[in-house]
Amino acid sequence: MPVETKKTYCRICTAYCALEARVENGRVIQVRGDASDPVTGGYSCSKGRQLPHQIHGPGRLRSSLFRAADGRQRPIATQQALDEIADRLEGIIAESGPRAVASYSGTAAYANSAALPVVRAWHAGIGSPSNYSTMTIDQPAKVVAVGRMGVWGGGVHTFASSDVVLSVGNNPIVSGLTLPGGVPGINPVRQLNLARKRGMKLICVDPRRSELAKRADIHLQIRPGEDPTLLAGLLRVILEEERYDADFCRDHVAGLEELRDAVAGFTPDYVESRTGVARERVSEAARLFAAGPRGCASSGTGPDMARHACLTEHLLAALNAVCGRVNREGERLPNPGVLTPKLPRPAQAVAPGLLPSFFRFQEGPRARMRGLTRLCDEMPTSTLADEILEPGEGQIRALICVGGNPALAMPDQGRMLRALASLDLLVCVDIAQSETARMAHYAIAARHALERDDVTEFMDMFYEVPYAHYAAAVIEPEFDAIEDWEVFTGLARRMKTPIELPGGSVDVAGSPSKFEVLQLIRPDTRVPLAEIRERTGGHVFEDLELVVAAPIPGLEARLELAPSGICEELREVRREAFQSPGEGPYPHRLICRRLRHVANSVGRDFPETTRRGTTNPAYMNPADLEQLGVAPGDPLEIASAHAAILAVAEPSDELQPGVISMAHCFGGAPDADVRALGSNTGRLIAVDRDYDPITGMAPQTAIPVAVRRAPA
Ligand SMILES: Nc1nc2c(c(=O)[nH]1)N[C@H]1C(S)=C(S)[C@@H](COP(=O)(O)OP(=O)(O)OC[C@H]3O[C@@H](n4cnc5c(=O)[nH]c(N)nc54)[C@H](O)[C@@H]3O)O[C@H]1N2
Ligand SMILES: Nc1nc2c(c(=O)[nH]1)N[C@H]1C(S)=C(S)[C@@H](COP(=O)(O)OP(=O)(O)OC[C@H]3O[C@@H](n4cnc5c(=O)[nH]c(N)nc54)[C@H](O)[C@@H]3O)O[C@H]1N2
Ligand code: SF4
Ligand SMILES: [Mo]
């Protein structure tokens, strides 16, 4: 059998690296970065290069399973499983109403270009608002910030055109995360080096000397969770020293004086005492950012997992707004979006009321707890466990998980495990025998990314150039596996409910192809989907030209610097008692991080990971370990006000004393061996304590903890 080489892209993280897959006998035997790709340039990481193991290795879910009367999971034909699931869903809806039927879409559902829209449309079809996803436990604060301030029609300055970049709690060199104006996660070191060569300056705010911080011109090694104070301090310097763009502010922002008043108390001395960043460094960073002339402030998960995340995101957007860091009328946008509808990009603020429902909150169906509302077109995921556990009208009885692993990923893991175990029906659509799949009544064997078509739609607006990649399936599955979205069209066919997409209804009675469904999801792309599919590999559509348009008359609006709640929250932060390091019953701060060799819960069984050791170490400053009398590799006990976990100590001089840096999505049962499985930081979090009043997120970083040697 000859070996064929086929082009595709990796979907483990959103860097979407273009790959060449070597296929022999219908199996992927090797993948490598595609050096001919105009954007990803041959880059790949060890996770991507281990895709053959993910597809063909022992962790793969090679058959759908049902839970038999004896409690064991047994193989079942997928279509038979869908018959039975549809029956049970109909029964639950008849008894308890459609709200009792929920879904949770995880990171892998976002990587499938048809899954999310079909899941949402399926929910609309059955009349259930109970769709959840990782969006509302990840960075919903960014969505809230747009929903309160409004947004500039012409967009912020791109990385490639920036003279200065302020990156807060984002480590794209490891995470591959790309956000507008931030350091791109695609071939990140190369992109950074190119930018440095043209003189770009990087300011990095991170409690850890991260891979990105090591390459920054200024690293502000902040105390965990103190971003609002630092950013308010930066704004104060810029406003006080009149370094902002007064012309832009006069014409396009509102609330400047209120904001100025609200940040007045964040004096350099106060900022230094609270954040641990020397006052001179704060001023230096503020002046460098304000000097621009082009640039962008942006963030990753770090500050968005902390308390006051919505305020932090607002202050970042305010920094960009007061410095006028937006594309002006007549400027050419380097990427108008290949798969995005042909809408104009005007040089004006767009008011929150004109934005799509995705950005709205405090309207529509409400969660039954904590006064929370829909956000990002979904119910807030922090309430999912309680919506399952809490009796009464609207209680969730059935949950379909697709491309997610809530048993390990969810903050407040104990609560989520209890909730999952209490469901009348748990369905898990996964490629692997995940922790959630093992708990399910039905585990549905899904097609792997390389066994299906996809297009780079999630990243479309985040690329710096008009790039798109349509990857056709590289191989067919060796067994009975189904596409994620086909689970929902299959259920819709059986339940006789519609699936309406922007381009029309899905023919659920027939068997539409992925391409047809993608066309219904994106009926109005700048480049026709068929044209993107015709190319093998990724392509830059050079001819796409979009110039920032003149403002649309009648839609005048201003970027709102001081919407309701913001100045109040700033004053609240200023009044808050804050702890100095080492004080109180929980003197340490546990911060979130990503590890290079795993993506959330994915990759823990990859050969390179298991060679390295399978735990998620608790990284700490060596002086802390010495003080605790703990040697590297020894077990530690980490206790929050909610729970305690064991973890394996690992010295790291990237951290200041008092800080512990640990990855999430590890661990097994509470009493499992931490050296073999790692430990679950989500256990330390209580979703009903200290949560954000808009997003419902409880802090997933800067968690106050006490650390000691593990008791024998
Ligand atoms: N304490 C703490 N908790 C956190 C975080 C934190 O920083 N700290 N981070 C949070 C964040 S940002 C996120 S996004 C969540 C992640 O939460 P999840 O998305 O729930 O977790 P993942 O491990 O990414 O789950 C991916 C699952 O999809 C499966 N999969 C892979 N490919 C496919 C496919 O093609 N089809 C299907 N059906 N399944 C597939 C994998 O086997 C895996 O089981 O965790 C959150 N939890
Ligand atoms: N290798 C790998 N890649 C991944 C993932 C993975 O698990 N592994 N997960 C994927 C997912 S779901 C997501 S959402 C993205 C996330 O992508 P990123 O947001 O880039 O994630 P991290 O690499 O954890 O970077 C967050 C940084 O924030 C810092 N930080 C922690 N607490 C604070 C704080 O209070 N303030 C500030 N300023 N910084 C803080 C951490 O030290 C860390 O360096 O990555 C994705 N890519
Ligand atoms: S996991 Fe690695 S190879 Fe795959 S897209 Fe992300 S950076 Fe690229
Ligand atoms: Mo995430």
Side-chain angles (χ1 to χ4, degrees), residues 1-64 75 78 107-108 111-113 176 186-187 403 429-434 437 444-456 469-484 514-515 533-539 595-614:
M1 225 14 208
V3 177
E4 269 185 285
T5 300
K6 296 186 176 181
K7 287 188 192 284
T8 183
Y9 67 90
C10 176
R11 276 146 267 184
I12 292 181
C13 85
T14 52
Y16 289 169
C17 297
L19 302 173
E20 287 181 330
R22 283 157 49 85
V23 177
E24 187 180 31
N25 282 328
R27 290 167 74 92
V28 179
I29 53 168
Q30 192 194 27
V31 301
R32 54 172 183 237
D34 179 358
S36 72
D37 189 272
V39 163
T40 70
Y43 180 80
S44 67
C45 80
S46 75
K47 300 185 292 301
R49 291 191 297 271
Q50 291 174 92
L51 281 171
H53 180 84
Q54 194 185 36
I55 303 170
H56 304 296
R60 185 80 192 266
L61 180 61
R62 296 180 73 86
S63 156
S64 294
T78 300
T107 43
N112 183 330
S113 45
I186 301 157
N187 209 343
V429 186
D430 209 297
I431 59 163
Q433 299 154 38
S434 72
I444 303 294
R447 281 182 180 244
H448 185 276
L450 268 51
E451 296 164 346
R452 61 176 201 238
D453 286 21
D454 270 316
V455 66
T456 47
H469 190 160
Y470 189 105
V474 163
I475 52 165
E476 280 298 305
E478 295 173 308
F479 47 86
D480 170 26
I482 189 171
E483 260 257 37
D484 299 317
K514 174 98 173 233
F515 180 70
R533 183 173 65 158
E534 267 164 31
R535 320 233 172 208
T536 26
H539 183 75
L595 297 170
R596 202 184 277 277
H597 51 284
V598 292
N600 304 325
S601 70
V602 170
R604 289 166 302 146
D605 60 343
F606 287 3
E608 275 196 31
T609 311
T610 48
R611 258 201 302 281
R612 237 181 246 257
T614 45

Quick one, Ile29 and Val23 - any side-chain contact, counting heavy atoms below 4.5 Å? no

Below 4.0 angstrom, N of the basic side chain to O of the carboxylate: do Lys47 and Glu608 qualify? no

Val31 versus Thr8: any side-chain heavy-atom pair under 4.5 Å? no

Tell me, do Ile475 and Ile55 make a side-chain contact under 4.5 Å, heavy atoms counted? yes

Would you indicate whether the side-chain heavy atoms of Lys7 and Val474 approach each other to under 4.5 Å? no

Does Ala18 offer a backbone N or O that forms a donor-acceptor pair with the side chain of Thr40 under 3.5 Å? yes

Less than 4.5 Å apart, side chain to side chain, heavy atoms only: is that true for Leu51 and Val28? no

Separation between NE2 (His448) and CG (Asn112), nearest 0.5 Å, reads 11.5 Å

Do Arg11 and Tyr9 meet the cation-pi criteria used here (NZ or CZ under 6.0 Å from the six-membered ring centre, within 45° of the axis)? yes

Do you know which two heavy atoms are closest between Tyr16 and Thr456, and how far apart they sit? CD1-CG2, 3.6 Å

Applying side-chain contact (heavy atoms from CB on, under 4.5 Å) to His469 and His539, what does each step give before you reach the verdict? CA-CA 6 Å; His469 190 160; His539 183 75; over 6 Å; no

Would you say Arg60's side chain and Ile431's backbone share a donor-acceptor pair under 3.5 angstrom? yes

Point-to-point distance, once rounded to the nearest 0.5 Å, from CD1 of Ile12 to CG of Asn600: 11.0 Å

Minimum side-chain heavy-atom gap Ser44-Leu19 below 4.5 Å: yes

For the pair Glu4 and Arg22, find out whether any cationic side-chain nitrogen is under 4.0 Å from an anionic carboxylate oxygen. no

Take Asp480 and Arg62, measure what salt bridge (Lys or Arg N to Asp or Glu O under 4.0 Å) needs, and give me the verdict at the end. CA-CA 8 Å; Asp480 170 26; Arg62 296 180 73 86; over 6 Å; no

Treating Thr610 as the side-chain partner and Phe606 as the backbone partner, does any N or O pair qualify as donor plus acceptor under 3.5 Å? yes

Hey, does the side chain of Asp37 reach the backbone of Val39 with a donor-acceptor pair shorter than 3.5 angstrom? yes

How about Gln54 and Asp605: does a side-chain donor come under 3.5 Å of a side-chain acceptor? no

Considering non-hydrogen atoms only, spot the tightest contact between Cys13 and Gly176 and give its length. SG-CA, 4.2 Å

Does any part of the side chain of Asp484, heavy atoms only, come nearer than 4.5 Å to the side chain of Arg452, both counted from C-beta? yes

Salt-bridge test for Asp453 and Arg533: reply yes if a basic N is under 4.0 Å from a carboxylate O, no otherwise. no

Indicate whether any N or O donor in one side chain lies under 3.5 Å from an N or O acceptor in the other, for Thr609 and Arg604. no

Is the backbone N or O of Ala432 less than 3.5 Å from a side-chain atom of Asp430, with the two atoms forming a donor-acceptor pair by type? yes

Test your reading of the model: is there a side-chain donor-acceptor pair from Thr78 to the backbone of Ser64, 3.5 Å cut-off? no

dist Cys45:SG -> Gln50:CD (nearest 0.5 Å) comes out at 8.5 Å

Do the charged groups of Glu478 and Arg447 touch, with an N to O distance under 4.0 Å? no

Do the side chain of Asp454 and the main chain of Ser113 share a donor and acceptor less than 3.5 angstrom apart? yes

Closest non-hydrogen atom pair between Ser63 and Ala445, with its separation: C-CB, 3.7 Å

What is the minimum heavy-atom distance between Gly538 and Pro38, and which atoms define it? O-CD, 3.6 Å

Less than 4.5 Å apart, side chain to side chain, heavy atoms only: is that true for Arg49 and Arg32? no

